[in-house]
Protein chains: 2
Amino acid sequence: MDSQDFAKTFLPEVTVDVVLLSIRSDGSLVTLLAQRDEEPFKDTWALPGVFVGRDETLDAAAARALRTKAAIVGDVFVEQLFTFGDLNRDPRGRIVSVAYYALVPEGRFATAVARNKDAVIARIDASATDDGIAVRNEAGKALKLGFDHGRIIGMALQRIRGKLNYAPIGFELLADEFTLFELQHIHEAVLGRKLNKDSFRRKMLASGLIEDTGQRRSGTAYRPAALYCFKKAER
Amino acid sequence: MDSQDFAKTFLPEVTVDVVLLSIRSDGSLVTLLAQRDEEPFKDTWALPGVFVGRDETLDAAAARALRTKAAIVGDVFVEQLFTFGDLNRDPRGRIVSVAYYALVPEGRFATAVARNKDAVIARIDASATDDGIAVRNEAGKALKLGFDHGRIIGMALQRIRGKLNYAPIGFELLADEFTLFELQHIHEAVLGRKLNKDSFRRKMLASGLIEDTGQRRSGTAYRPAALYCFKKAER
DNA sequence: CAACATATATGCTAGATGTAGATATGTCAA
DNA sequence: TTGACATATCTACATCTAGCATATATGTTG
């Protein structure tokens with residue numbers, strides 16, 4: 001980029017949008033959407049997002065979007081996803097959006113939604129494509145998405161599916177202590193298919209990423225499963 | 001992103017920088033850098049990049065950077081890499097850069113460099129880290145990189161390494177016809193380690209991605225290897 | 001025509017994964 | 001107290017893949 005280009009350029013707005021993902025114990029993959037109360041896309045649902053501030057990094061803007069638009073505070077797994085720069089993605093003008101995704105356990109997700117009267121839980125249909133995705137509310141009714149946010153959510157799902165093969169992102173979606181079968185359910189929800197129970201157990205135990213806490217999952221009507229936790233040092 | 005945010009925002013510049021990657025027959029991984037003849041970072045080497053135009057998508061800006069700053073025309077494999085938005089990455093002001101990477105065969109890379117008197121071939125040291133990377137010219141002298149471009153190149157290398165596991169990007173770096181051993185050399189250069197010849201052959205033949213052209217690589221002083229090509233339909 | 005260098009094919013071994021069955025351990029009801 | 005029950009956990013075995021060694025094939029070169 002040369003200085004001589006400066007005169008010819010213009011100044012697009014830059015926003016950050018965040019796909020907050022969680023997996024519920026029934027196996028459904030969910031994200032948090034906020035209802036738009038103004039044009040454009042009034043009365044549709046959109047991802048939490050903010051304009052990037054003058055002295056704010058992109059990562060900081062993502063954290064602010066989570067804090068102010070999704071009531072998520074404290075440590076969260078957040079990672080940059082993709083940058084969307086189509087010409088007419090926002091009717092207000094040329095806006096480039098840097099998309100992020102975040103992963104939280106079910107409990108934190110529920111708390112965040114409860115604190116936000118404008119927010120809704122959106123179930124993500126497992127058949128994600130590159131072109132976008134359909135979301136439904138808890139009653140099963142389709143939610144109309146604003147902007148190109150369907151495409152952003154679809155890309156977030158693709159990303160975590162790929163990431164599961166080489167990174168321990170399943171742990172980000174679980175509480176501190178969990179059984180192996182619960183971890184398996186997380187993987188199945190992300191991948192959208194069933195996994196072999198014994199193979200999964202073997203691979204996880206051999207991975208060295210988890211350790212037995214010595215505790216058991218109580219309150220079951222059958223043999224309780226051992227509770228494991230994520231080895232912090234290995235992280 | 002709400003309309004009420006508009007007043008509070010400012011307008012950062014948005015640029016696109018492209019890491020043009022190729023692999024030479026000696027196994028070296030190379031990229032094209034342009035000498036900066038102005039401040040900031042005068043007399044250092046930088047990636048080809050342009051400011052994003054008013055009516056230009058990010059992908060189109062990347063194509064323009066390749067065309068005008070790297071003399072690369074026509075079809076190329078180009079993909080978005082990551083967006084860099086640190087506060088002081090450019091001393092001229094707040095500039096957000098959307099990085100792309102492109103893959104071309106050795107021949108096209110050499111032609112592009114030859115057409116550009118400001119351009120230089122930069123060999124990439126295989127020991128890439130997330131923090132950046134060192135590059136050297138053909139004489140082995142270290143090239144000083146401007147901006148955060150060392151970090152961008154490092155991330156490009158990480159990306160293609162990961163991508164090699166599930167996508168046939170090796171073909172983007174080769175001519176239309178190639179021997180299996182030549183394809184293996186590409187993979188070895190990307191991964192930075194030797195591969196087992198027989199296993200590689202078996203896996204490639206079983207992948208269904210390539211087909212025998214019936215031709216042989218002539219001009220060798222030993223048994224000529226079969227030439228394969230990439231199955232277009234499967235792509 | 002034989003030496004040579006590399007391509008190509010084949011068989012063996014170790015590790016990872018899918019599957020089936022056996023065993024362990026908690027709750028619950030009689 | 002005891003046995004049925006459901007799930008957790010373990011063990012054995014088949015299958016598949018990658019790495020490795022060896023044997024064979026096919027060009028060039030003297």
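- Annotation: salt bridge (Lys or Arg N to Asp or Glu O under 4.0 Å) contacts involving residues 98-121 of chain B, sequence neighbours excluded, are absent.
- Partners of A:Ala63 under the side chain to side chain contact (heavy atoms under 4.5 Å, CB included) rule, at least two apart in sequence or in another chain, do not exist in this structure.
- Note on B:Thr220: only backbone sugar-phosphate atoms sit closer than 4.0 angstrom, heavy atoms only; bases stay farther off.
- Counting only residues at least two apart or on different chains, the salt bridge (Lys or Arg N to Asp or Glu O under 4.0 Å) pairs with a member in residues 191-210 of chain A are A:Glu188-A:Lys194.
- Checked against salt bridge (charged side-chain N to carboxylate O under 4.0 Å, His left out), A:Arg217 has the following partners two or more places apart in sequence or in another chain: A:Glu182.
- Residues forming a salt bridge (charged side-chain N to carboxylate O under 4.0 Å, His left out) with A:Asp59 (at least two apart in sequence, or on another chain): none.
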Protein-to-nucleotide contact annotation, 5' to 3' order, nucleotides 6-18 of chain D [B base; S sugar-phosphate only; - none; under 4.0 Å, heavy atom]: BBBBB-B-----B
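- The closest donor-acceptor contact from the side chain of B:Ser22 to the backbone of B:Val30 lies at 3.5 Å or more, if one exists at all.
- When each of A:Asn196 and A:Gly219 is assigned the nucleotide of DNA chain C bearing its nearest heavy atom, the one mapping closer to the 5' terminus is A:Asn196.
- Close approach of DNA chain C to chain A, defined as any atom under 4.0 Å from a non-hydrogen atom of the protein, starts and stops at C:dT17 to C:dT27.
- Here A:Asn137 pairs with nothing under the side chain to side chain donor-acceptor pair (under 3.5 Å) rule; sequence neighbours left out.
- Here salt bridge (Lys or Arg N to Asp or Glu O under 4.0 Å) pairs that include residues 18-35 of chain A, with residues two or more places apart or in two chains, are A:Arg24-A:Glu138, A:Asp26-A:Arg123.
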